[in-house]
Enquirer: 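Below: one structure in C-alpha cells.
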Amino acid sequence: MISRRQWIQGSAALGVAPLLAGCSAFDDGGTPQPPIPALKDIAPFPMGTCAMTGQLDDPAWSRLALTHFNQITPEWEMKMEYILTPDGYRFDASDRIADFCRAHGMHMHGTTLVWYSQGEEAFRGLSPADFRRKFDDYIATVAGRYRGKVRGWDVVNEAVAEDGNGLRAHHWSEALGKIDHMVRAFEQARLADAEAVLFINDYNLENNPAKGDTFLRLVERLLKAGAPVGGIGSQSHLDIEIREGQIGRFIQQAAQFGLPIHISELDASLKREGGMPDVRTVSKKISQQTDRVKELTESFYALPANQRYALTLWGVRDTDSWLRRPPHDDGKDSPLAFEASGQPTAMGRAIADSLSG
Ligand code: G3I
C-alpha cells in the first residue's frame with residue numbers, strides 16, 4: 001500500500017500535483033481514488049457555477065472554477081439588491097464578473113431581473129406611470145448593458161407560490177398584474193437583448209411535483225400570452241429524500257415545450273430541513289445525495305442537445321455554498337462537487353460518473 005505522500009509525490013512527476021495537492025483523494029479504506037476529470041471537458045453542454053467578486057481574487061477558487069466550469073452566474077451582484085441604489089445603478093461588480101468571463105472564455109448567465117424578494121423598497125410610493133417607467137428602465141438598462149455578454153437571463157425568478165398553489169402576490173404583481181408584469185418583463189428584456197435566452201426560473205420543482213405542475217402551467221400561460229419565454233430554469237436545490245423518479249419526471253415534462261432547460265442552481269444539502277429529527281447515517285445521506293444527483297444529471301443529459309442549456313452548480317466548494325453561511329450553516333454540510341480542499345466530494349464524483357456515461 002503506497003502512502004498518501006508517496007502517491008502525491010508520484011503524481012507530482014506527472015504534473016497533476018497542483019490539482020490534487022492537499023487533496024485527501026483516498027477512500028475510507030485508504031486506497032487512493034482517481035481524480036475526477038474536468039467536468040467541463042466531459043460534459044457535452046456548458047457546466048456552470050455561481051460567483052461573487054470576492055471569489056475572483058481567491059487563487060484556489062479560480063483554479064477549481066476554471067478547471068471544471070465554463071459558465072458563470074453572478075451569485076448576487078447582478079441582482080436588483082446590488083445594482084439598484086438610491087443614487088442610481090451600480091455595475092462595478094457585475095462588470096468585473098463579466099470581464100472575468102470574457103478574459104477566460106467563459107459564458108455568463110444573468111440572474112435575475114424580476115424577483116418577488118427584491119425591489120419593493122426602491123419602487124415604494126411610485127405613481128402607476130412612474131412604477132411602469134422605472135420597471136421598464138431597470139430591465140432595459142441592465143439587460144441592455146450586458147447585451148452580447150450574457151448568454152441568457154433569469155427574467156422572472158420564483159413566481160410560483162411556495163406551496164405550489166398558484167402564483168406569488170407581491171409588489172410587481174400588485175402594480176402591473178400577476179401575469180402581465182411577467183409578460184412585460186420578458187418583452188422589455190427581449191427589446192434590450194434580441195439574442196439572450198430568456199428564462200423563467202424557480203425552485204422545488206422536482207421536490208414538490210404540485211409546484212412543478214403549477215410552474216409548467218405558468219410557462220404555457222406565458223407562451224400563450226405571447227411572452228418571449230425562451231428557456232426553463234429549474235434551480236434544483238435538491239431534497240435528497242424525495243422518491244426516485246420525481247426529478248426525471250419533471251425534466252421530461254419540462255422538455256415538452258421544446259425549450260432549452262437550465263439546471264440553474266444545483267446543490268444537494270445533506271441536512272434535513274424543517275428541524276425533523278434526523279437519524280440517518282452519513283453514508284445513508286451520501287447515498288441518497290449521489291442517487292438523486294445522478295438521476296438529475298442523467299435526466300438532463302438525456303435531453304435533446306438543443307435543450308441542454310447548462311448544468312449550473314450553486315457554488316464551487318462546499319464552503320462557498322449559501323448553505324454554509326448563517327443561518328443555514330452546520331459546519332458539516334457537503335452540498336456541492338468539491339470540498340474546501342479542492343478534493344471532489346461524493347457529489348462531484350457522482351456528477352463525473354454520470355457525465356462519463
Ligand atoms: O458579501 C456581503 C458582505 O460584504 C456584507 O457584509 C453582507 C451584509 O450586507 O452582505 C454580503 O453579501 C450577501 C451575499 O449573499 C454574500 O453572502 C448579500 O447581502 C446577500 O443578499 C446575498 O444573498 C444571496 C441571495 O441569493 C440573495 O441575493 C446568496 O448569496 C445567494 O446564494 C442566493 O441565491 C438564491 C438565488 O438567487 C435564488 N434561488 C435561491 C438561492 C439561495 O437562496
Side-chain angles (χ1 to χ4, degrees), residues 48-58 61 65 69 71-86 90-94 96-97 108-122 138 142 150 152-164 168 170 172 182 185 199-208 211-212 215 231-240 250 261-271 273-274 296 310-331 333-338 340:
T49 189
C50 66
M52 53 183 101
T53 47
Q55 290 160 331
L56 307 184
D57 304 319
D58 172 354
W61 179 92
F69 302 100
Q71 180 165 300
I72 283 189
T73 302
E75 184 164 1
W76 71 286
E77 291 160 311
M78 206 170 189
K79 295 170 182 171
M80 199 173 272
E81 68 176 298
Y82 186 91
I83 287 179
L84 195 54
T85 77
R90 179 174 55 163
F91 290 116
D92 60 321
S94 42
R96 185 151 174 240
I97 295 172
M108 185 180 191
H109 180 83
T111 196
T112 180
L113 295 173
V114 176
W115 191 12
Y116 78 92
S117 76
Q118 297 191 1
E120 183 165 14
E121 199 48 44
Y138 180 81
V142 178
V150 298
W153 271 104
D154 293 337
V155 176
V156 170
N157 196 38
E158 303 182 358
V160 175
E162 183 65 32
D163 62 2
R168 290 183 193 272
H170 42 67
W172 309 121
M182 297 187 227
F199 285 85
I200 181 162
N201 190 52
D202 217 322
Y203 67 93
N204 278 354
L205 303 178
E206 308 92 346
N207 300 337
N208 175 355
K211 185 170 184 181
F215 175 81
I232 290 173
S234 179
Q235 295 179 13
S236 302
H237 297 289
L238 294 183
D239 171 352
I240 61 173
F250 174 76
I261 292 175
H262 184 196
I263 302 298
S264 56
E265 305 178 14
L266 174 60
D267 51 35
S269 174
L270 299 175
K271 291 186 303 179
E273 283 307 320
L296 178 113
L311 175 59
T312 296
L313 279 80
W314 206 236
V316 178
R317 303 162 297 191
D318 288 336
T319 42
D320 296 317
S321 173
W322 65 292
L323 293 165
R324 291 292 296 270
R325 293 177 217 143
H328 313 281
D329 191 16
D330 66 354
D333 204 0
S334 179
L336 291 171
F338 298 95

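Note that the structure is a prediction, hence the values are computed from the model and not measured. Whatever order the structure lists them in is the order used to number ligands and atoms, beginning at 1.
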Enquirer: Which protein non-hydrogen atom lies closest to atom 15 (O) of ligand 1, naming both residue and atom, and how far is it?
Expert: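 So the nearest neighbour among protein heavy atoms is Arg325 NH1, 3.9 Å.
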Enquirer: In Å and rounded to the nearest 0.5 Å, what is the OG to CG distance from Ser264 to Asp154?
Expert: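 Spacing of OG (Ser264) from CG (Asp154) equals 6.0 Å.
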Enquirer: Looking at atom 2 (C) of ligand 1, what's its closest protein heavy atom, distance included?
Expert: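 Nearest protein contact, heavy atoms only, for atom 2 (C) of ligand 1 is Trp76 CZ2, 4.1 Å.
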Enquirer: Quick one: pull up CD in Glu162 and NZ in Lys211 and give me the separation to the nearest 0.5 Å.
Expert: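 Separation between the atoms: 5.0 Å.
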Enquirer: Please report the interatomic distance CZ(Phe215) to CG(Asn208), rounded to the nearest 0.5 Å.
Expert: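 One gets 13.0 Å once the value is rounded to the nearest 0.5 Å.
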Enquirer: Using the salt bridge (charged side-chain N to carboxylate O under 4.0 Å, His left out) criterion, which residues pair with Asp318? Sequence neighbours excluded.
Expert: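 By the salt bridge (charged side-chain N to carboxylate O under 4.0 Å, His left out) rule, Asp318 matches no residue at all.
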Enquirer: Would a search of protein heavy atoms around atom 12 (O) of ligand 1 find one under 4.0 Å away?
Expert: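 Within 4.0 Å of atom 12 (O) of ligand 1, protein heavy atoms are found.
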Enquirer: I'd like to know if atom 23 (O) of ligand 1 has any protein heavy atom within a distance of less than 4.0 Å.
Expert: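 Under 4.0 Å from atom 23 (O) of ligand 1, zero protein heavy atoms found.
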Enquirer: Check each atom of ligand 1 against the heavy atoms of Glu158 and keep those under 4.0 Å away; list them by number with element.
Expert: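 Answer, ordered by atom number: 38 (C), 39 (N), 40 (C).
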Enquirer: Can a donor-acceptor pair be found between the side chains of Glu77 and Thr53 at a distance below 3.5 Å?
Expert: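 Yes, side-chain donor-acceptor contact under 3.5 Å.
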Enquirer: Looking at atom 9 (O) of ligand 1, tell me if a protein heavy atom falls under 4.0 Å from it.
Expert: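 For atom 9 (O) of ligand 1 the answer is no, since every protein heavy atom stays at 4.0 Å or beyond.
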Enquirer: Are side-chain N/O atoms of Asn157 and Tyr203 paired as donor and acceptor at under 3.5 Å?
Expert: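 Side-chain D/A pair, Asn157 to Tyr203: absent.
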Enquirer: About how many Å separate OH of Tyr82 and CD of Gln118, when rounded to the nearest 0.5 Å?
Expert: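 One finds 13.5 Å between CD of Gln118 and OH of Tyr82.
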Enquirer: Quick one: do the Ser321 and Asp267 side chains pair a donor with an acceptor below 3.5 Å?
Expert: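 Ser321 vs Asp267: no donor-acceptor pair found between side chains.
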Enquirer: Could you see which bit of Tyr203 sits under 4.0 Å from ligand 1, with heavy atoms only: side chain, backbone, both or neither?
Expert: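 No part of Tyr203 comes within reach of ligand 1.
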Enquirer: Taking only heavy atoms of His237, which atoms of ligand 1 are found under 4.0 Å from at least one of them?
Expert: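 Contacts of ligand 1 toward His237, numbered from 1: 39 (N), 40 (C), 41 (C).
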Enquirer: Return a yes/no value: protein heavy atom under 4.0 Å from atom 32 (O) of ligand 1?
Expert: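 Flag for atom 32 (O) of ligand 1 set to true, protein heavy atom closer than 4.0 Å.
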Enquirer: Can you tell me the protein heavy atom closest to atom 21 (O) of ligand 1 and the distance?
Expert: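 Sorting protein heavy atoms by distance from atom 21 (O) of ligand 1 puts Glu81 OE1, 2.6 Å first.
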Enquirer: Which protein non-hydrogen atom lies closest to atom 37 (O) of ligand 1, naming both residue and atom, and how far is it?
Expert: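 Of the protein heavy atoms, Lys79 NZ, 2.5 Å lies nearest.
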Enquirer: Give the atoms of ligand 1, by number and element, whose distance to some non-hydrogen atom of Gln235 is under 4.0 Å.
Expert: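 Listed by number with element: 38 (C), 39 (N), 40 (C).
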Enquirer: Pair Gln235, Glu158 - check side chain to side chain contact (heavy atoms under 4.5 Å, CB included), show working.
Expert: CA-CA 10 Å; Gln235 295 179 13; Glu158 303 182 358; 3.0 Å; yes
Enquirer: Out of all atoms in ligand 1, which are within 4.0 Å of some heavy atom of Glu265? Include the element for each.
Expert: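 Here the atoms of ligand 1 in question are 36 (C), 38 (C), 39 (N), 40 (C), 41 (C).
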Enquirer: Quick check: Trp314 and ligand 1, any N/O pair under 3.5 Å apart?
Expert: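 Yes, since at least one N or O of Trp314 sits under 3.5 Å from an N or O of ligand 1.
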Enquirer: As an exercise, identify every atom of ligand 1 less than 4.0 angstrom from a heavy atom of Gln118.
Expert: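 Reading through ligand 1 atom by atom, the close ones are 28 (O).
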Enquirer: Show your reasoning for whether salt bridge (charged side-chain N to carboxylate O under 4.0 Å, His left out) applies to Asp330 and Lys271.
Expert: CA-CA 9 Å; Asp330 66 354; Lys271 291 186 303 179; 5.1 Å; no
Enquirer: Determine whether any protein heavy atom is located less than 4.0 Å from atom 6 (O) of ligand 1.
Expert: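 It does not: no protein heavy atom is found less than 4.0 Å away from atom 6 (O) of ligand 1.
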